[in-house]
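Numbers here simply count residues along the sequence, with the first being 1. Values below: all heavy atoms of this structure, side chains included; hydrogens, waters and symmetry mates excluded.
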Amino acid sequence: MKIWLQALRVNQWTKNAVVFAAWFFAVADASQAEMARGVRPFLLVCAMALSFSLVASAFYLLNDVADYETDRLHPVKRLRPIAADLVSKIAAVRMALALFSFGLAFPCYLVLRHPDRTWGFAVLLLYTVMQCAYSGFLKRVPYVDVAVIAAGFVLRAVAGAAAIAARISPWLLGCTFLLSLFLALCKRRHERIISSESRVALRGYHPVVLDALIVLSALATLGVYTCYTLAGDTVARFHTRGLVFTVLFVALGVMRYLFLVYRKGDVGRPEKILLSDRWLWLILVGYGLTAFSAVLVVRIWA
């Protein structure tokens with residue numbers, strides 16, 4: 001069981017927390033509170049996150065099968081169950097097919113139960129097609145590979161909104177894309193340093209261009225999120241400009257991650273850093289408390 005959990009990369013399911021973004025902001029939005037509050041909307045979003053997790057694990061298995069030879073050259077990836085021959089390739093493919101079946105079950109149910117929420121199924125299907133293209137050839141194209149990864153996080157956010165028929169700000173989607181791009185570029189930089197032969201695409205990354213893109217994506221993330229907090233639509237929905245104070249924590253989070261990147265920390269696994277770095281945890285808690293307080297004060301005084 002432990003070997004299979006490693007092969008499915010269950011620890012990376014934390015990436016699917018993006019699915020909860022629309023629900024998180026909709027709960028505090030007076031115009032969407034009715035559709036977002038309560039147990040049922042939360043369970044619908046949880047089910048969508050689980051669907052993405054199962055489909056993502058299926059692709060992890062298929063990618064490990066496809067990258068069997070190159071993973072064996074990587075100092076860390078060679079320890080993965082498939083690369084280490086702890087799980088056979090045929091068993092991995094069979095498990096991937098089963099995960100696809102279970103992963104698509106909830107979106108199918110959502111379409112049957114709520115015909116107006118077909119976007120949930122469509123987005124997961126689009127994500128599946130995109131991942132097939134990524135596994136097939138896009139992961140070998142420098143810079144395009146990280147753009148595809150970032151687009152996958154945008155689809156997660158859209159699917160979370162579709163599960164409860166909530167609106168999600170274009171600014172928030174833009175921030176999701178840029179933040180995901182920033183993390184993916186940092187990961188490529190780390191991989192290029194420790195083992196440039198582990199990915200074909202790494203040979204096409206120029207170190208100066210890569211560093212420049214990391215800085216630009218970090219600044220763009222901060223800029224777009226600031227625009228989101230100050231946008232007229234955001235202020236109208238939450239009845240407050242207080243969300244602008246959360247920009248401080250976004251800036252601190254980005255700077256902390258840049259610090260880890262350039263002190264040669266293990267940024268090859270962003271989900272590991274998120275779960276283990278205490279400073280990032282404190283920043284996330286500070287962000288949550290500030291956002292909650294900004295909205296709560298308005299509700300009390302209203």
Side-chain angles (χ1 to χ4, degrees), residues 8-10 12-26 32 35-36 41-63 96 99-111 114-139 141 143-188 217 220-221 224-225 228 270-271 274:
L8 297 179
R9 301 186 212 175
V10 174
Q12 295 195 27
W13 285 10
T14 52
K15 296 177 180 178
N16 297 304
V18 179
V19 175
F20 291 87
W23 170 82
F24 177 79
F25 286 98
Q32 302 190 86
M35 69 178 66
F42 177 71
L43 291 178
L44 288 174
V45 178
C46 286
M48 184 62 75
L50 179 60
S51 293
F52 266 94
S53 298
L54 295 177
V55 172
S57 287
F59 278 108
Y60 291 148
L61 290 174
L62 294 179
N63 279 327
L99 292 174
F100 276 127
S101 301
F102 287 112
L104 291 172
F106 170 71
C108 290
Y109 162 81
L110 192 66
V111 171
H114 302 280
D116 60 324
R117 303 181 189 181
T118 53
W119 268 107
F121 176 79
V123 169
L124 187 56
L125 193 61
L126 178 59
Y127 173 81
T128 301
V129 172
M130 187 176 71
Q131 288 300 310
C132 287
Y134 176 82
S135 300
F137 63 95
L138 291 179
K139 66 180 179 181
V141 184
Y143 305 107
V144 173
D145 60 334
V146 291
V148 173
I149 292 173
F153 282 91
V154 174
L155 292 179
R156 286 175 170 90
V158 173
I164 57 175
R167 298 192 312 273
I168 186 167
S169 171
W171 287 108
L172 203 55
L173 292 178
C175 188
T176 300
F177 177 82
L178 290 168
L179 180 60
S180 304
L181 185 65
F182 166 70
L183 296 175
L185 288 168
C186 291
K187 182 176 181 179
R188 290 294 181 268
S217 60
T221 298
V224 171
Y225 182 78
Y228 166 70
E271 72 286 347
L274 181 62

Side-chain contact, heavy-atom cut-off 4.5 Å: [X] with [Y]?
| X | Y | result |
| --- | --- | --- |
| Tyr134 | Val144 | no |
| Leu138 | Met130 | no |
| Leu99 | Val55 | no |
| Ile149 | Leu183 | no |
| Ser51 | Phe102 | no |
| Leu44 | Phe106 | yes |
| Ser180 | Val154 | no |
| Phe25 | Ser169 | no |

Would you name the heavy atoms of [X] and [Y] that are closest together and state the gap between them?
| X | Y | value |
| --- | --- | --- |
| Ala96 | Leu61 | N-CD1, 3.8 Å |
| Phe121 | Val111 | CB-CG2, 3.4 Å |
| Ser135 | Asn63 | OG-OD1, 2.8 Å |
| Val123 | Ala159 | CG1-CB, 3.9 Å |
| Gly174 | Val224 | C-CG1, 4.1 Å |
| Gly120 | Ala162 | N-CB, 3.5 Å |

Ring centroid separation for Phe100 and Phe59, is it under 6.0 angstrom?
->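 They qualify: ring centres under 6.0 Å apart.
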
Atom pair [atom1] ([X]) and [atom2] ([Y]), whose distance is rounded to the nearest 0.5 Å:
| X | Y | atom1 | atom2 | answer |
| --- | --- | --- | --- | --- |
| Lys15 | Arg156 | NZ | CZ | 7.0 Å |
| Ile168 | Leu173 | CD1 | CG | 4.5 Å |
| Asn16 | Ser57 | CG | OG | 8.5 Å |
| Phe24 | Leu172 | CZ | CG | 10.5 Å |
| Gln12 | Tyr60 | CD | OH | 4.0 Å |
| Ile164 | Leu110 | CD1 | CG | 11.0 Å |

Taking it one step at a time, do Tyr225 and Leu179 satisfy side-chain contact (heavy atoms from CB on, under 4.5 Å)? CA-CA 10 Å; Tyr225 182 78; Leu179 180 60; over 6 Å; no

So the ring-ring contact (aromatic ring centres under 6.0 Å, His included) pairs with at least one residue in residues 149-186 (sequence neighbours excluded) are Phe182-Tyr257

